[in-house]
Protein chains: 2
Amino acid sequence: MSNNQFKRGELYSFITGKASTAIARRLQKNFKQSSLDITIEQWSVLYHLWKKDGQSQQQLCDATFRDKPSITRLVDNLEKLKLVKRVPSKNDRRINMIYLTKEAVNLQEKTMELANQTLNEALQGVSNGQVEIAKEVLQVVYDNLK
Amino acid sequence: MSNNQFKRGELYSFITGKASTAIARRLQKNFKQSSLDITIEQWSVLYHLWKKDGQSQQQLCDATFRDKPSITRLVDNLEKLKLVKRVPSKNDRRINMIYLTKEAVNLQEKTMELANQTLNEALQGVSNGQVEIAKEVLQVVYDNLK
DNA sequence: TTTGATTAGTTGCTTAAACAACTATATGTC
DNA sequence: GACATATAGTTGTTTAAGCAACTAATCAAA
């Protein structure tokens with residue numbers, strides 16, 4: 001049996017996620033300073049639509065690791081902001097396909113630049129090798145609990 | 001100039017914090033299965049009081065990386081659950097000192113056991129060395145943005 | 001082809017986060 | 001001592017998460 005079965009000391013920060021909270025806050029602040037009036041959560045939905053426009057709400061649930069009510073309401077708010085549109089699927093009338101508006105497409109460049117800038121601020125002094133290991137660990141944790 | 005100034009690829013998971021969200025959800029689920037009716041956020045406040053009982057709300061803000069209104073309301077809810085008590089400081093009448101009740105003291109052992117168990121589930125297959133590096137990276141990120 | 005189960009999405013409710021605006025107390029300076 | 005400033009905590013508002021309960025559409029099996 002591996003050592004990992006036993007107590008590993010001060011792992012509390014894994015649970016509270018102070019670091020990712022801090023990054024999210026900083027990114028939100030950077031959005032605000034650039035007069036971008038979207039939340040990080042809204043941005044995270046747009047992020048997946050920029051990668052692939054036209055996804056069902058269920059696909060967005062899976063992509064963003066959120067439950068259905070959360071996506072319903074995020075899409076509600078994004079629709080109010082005229083950043084996405086719900087388009088009922090013709091094949092399957094249960095499904096809403098979510099599409100970006102022109103406005104949302106225009107947000108991509110600026111916000112991704114701010115996101116990269118924020119990550120660089122956050123990762124000052126961390127080597128690429130260390131970042132890779134951290135990413136791997138977080139991925140394994142996610143997969144273990146999924 | 002270091003490489004870290006440049007784009008580092010798929011770092012999105014750092015921002016959304018999927019892994020820490022997953023751990024928090026799993027711990028919440030494990031609490032529920034053991035009929036422990038507290039939230040992870042409430043537990044995180046208790047955690048710091050178990051380390052040192054009798055802290056001001058401001059100290060709890062610093063310890064838990066939350067703002068003052070958040071702590072006000074968490075303490076409100078913990079008081080409703082009869083897990084903590086606000087005691088006005090005699091030296092400084094602005095300050096509330098927060099103390100654990102007997103009930104809360106009794107929660108420590110069981111919940112910490114569940115927390116360790118949850119971390120072990122999460123970290124299956126991750127070596128201690130990797131965990132150490134991940135912790136260091138998260139700490140640097142936190143310090144960079146603090 | 002009808003019945004039962006599954007899938008997609010919505011609504012209601014409680015808890016919490018973030019921010020601004022506020023009250024009350026304490027401190028420091030002239 | 002009086003006034004400005006800082007500190008501790010509260011309240012109001014918006015956004016979001018998580019869970020349960022719900023509707024509507026689809027699928028599958030007899």
Side-chain angles (χ1 to χ4, degrees), chain A residues 16-18 20-33 36-45 55-81 83-84 86-98 145, chain B residues 16-18 20-33 36-46 55-81 83-84 86-98:
Chain A
T16 53
K18 277 195 306 187
S20 63
T21 308
I23 294 182
R25 281 189 201 169
R26 177 62 59 91
L27 180 56
Q28 183 73 72
K29 197 176 146 193
N30 289 346
F31 279 179
K32 203 168 186 180
Q33 279 183 343
L36 292 168
D37 273 334
I38 56 170
T39 67
I40 301 308
E41 292 82 6
Q42 290 164 2
W43 174 79
S44 78
V45 173
Q55 295 192 54
S56 71
Q57 294 188 197
Q58 184 57 54
Q59 287 175 308
L60 291 174
C61 289
D62 298 337
T64 65
F65 192 50
R66 290 184 168 87
D67 69 358
K68 286 190 283 183
S70 296
I71 288 296
T72 293
R73 277 142 181 159
L74 281 172
V75 171
D76 285 349
N77 287 335
L78 285 167
E79 246 186 347
K80 279 184 208 155
L81 294 169
L83 294 174
V84 304
R86 281 183 170 95
V87 179
S89 163
K90 284 180 187 174
N91 308 332
D92 186 335
R93 283 161 50 202
R94 294 171 302 183
I95 294 178
N96 291 332
M97 297 300 283
I98 311 300
L145 300 180
Chain B
T16 53
K18 278 194 306 187
S20 62
T21 308
I23 294 181
R25 280 188 202 171
R26 178 61 59 93
L27 180 55
Q28 183 73 73
K29 197 177 145 193
N30 289 346
F31 279 179
K32 203 167 186 182
Q33 279 183 343
L36 293 169
D37 273 334
I38 58 170
T39 67
I40 300 308
E41 292 82 5
Q42 291 164 2
W43 174 80
S44 78
V45 173
L46 296 179
Q55 297 192 53
S56 70
Q57 295 189 197
Q58 184 57 54
Q59 286 175 309
L60 291 175
C61 290
D62 298 336
T64 65
F65 192 51
R66 291 184 169 87
D67 70 358
K68 287 191 281 183
S70 296
I71 289 297
T72 293
R73 278 141 181 161
L74 280 172
V75 172
D76 284 350
N77 287 334
L78 285 167
E79 246 187 347
K80 277 184 209 157
L81 293 169
L83 293 174
V84 304
R86 280 182 170 94
V87 178
S89 164
K90 283 180 187 174
N91 308 331
D92 186 335
R93 283 163 50 202
R94 293 171 302 181
I95 295 178
N96 291 332
M97 297 300 282
I98 311 300

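The figures that follow rest on heavy atoms only: side chains count, while hydrogens, waters and symmetry mates do not. Since this is a predicted model, take the numbers as computed values, not measurements. Below, read A as the first sequence line, B as the second, and so on, with proteins coming before strands; counting in each chain starts at 1.
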Touch class at under 4.0 angstrom, heavy-atom based, for B:N77 against every strand present: sugar-phosphate
Residue pair B:S89 / B:D92, side-chain donor-acceptor N/O under 3.5 Å: no
Quiz item: B:R94 side-chain donor-acceptor pair to D:dT7 base, under 3.5 Å: yes
Sugar-phosphate only, base, or nothing, as touched by A:T72 at under 4.0 Å among non-hydrogen atoms: base
Sugar-phosphate only, base, or nothing, as touched by B:D67 at under 4.0 Å among non-hydrogen atoms: base
Sugar-phosphate only, base, or nothing, as touched by B:K32 at under 4.0 Å among non-hydrogen atoms: sugar-phosphate
Sugar-phosphate, base or nothing in reach of B:I71, heavy atoms under 4.0 Å: nothing
Residue whose nearest DNA chain C nucleotide is more 5′ - A:N96 or A:Q28: A:N96
4.5 Å side-chain heavy-atom contact, B:R25 and A:F65: yes
Touch class at under 4.0 angstrom, heavy-atom based, for A:Q42 against every strand present: sugar-phosphate
Within-4.5 Å side-chain heavy-atom neighbours: B:S56 and B:M97: yes
N/O donor-acceptor pair, side chain B:R26 with base D:dG18, under 3.5 angstrom: no
Contact nearer the 5' end of DNA chain D, comparing A:S70 with B:Q59: B:Q59
5'-most by nearest nucleotide on DNA chain D - B:R73 or B:T21: B:R73
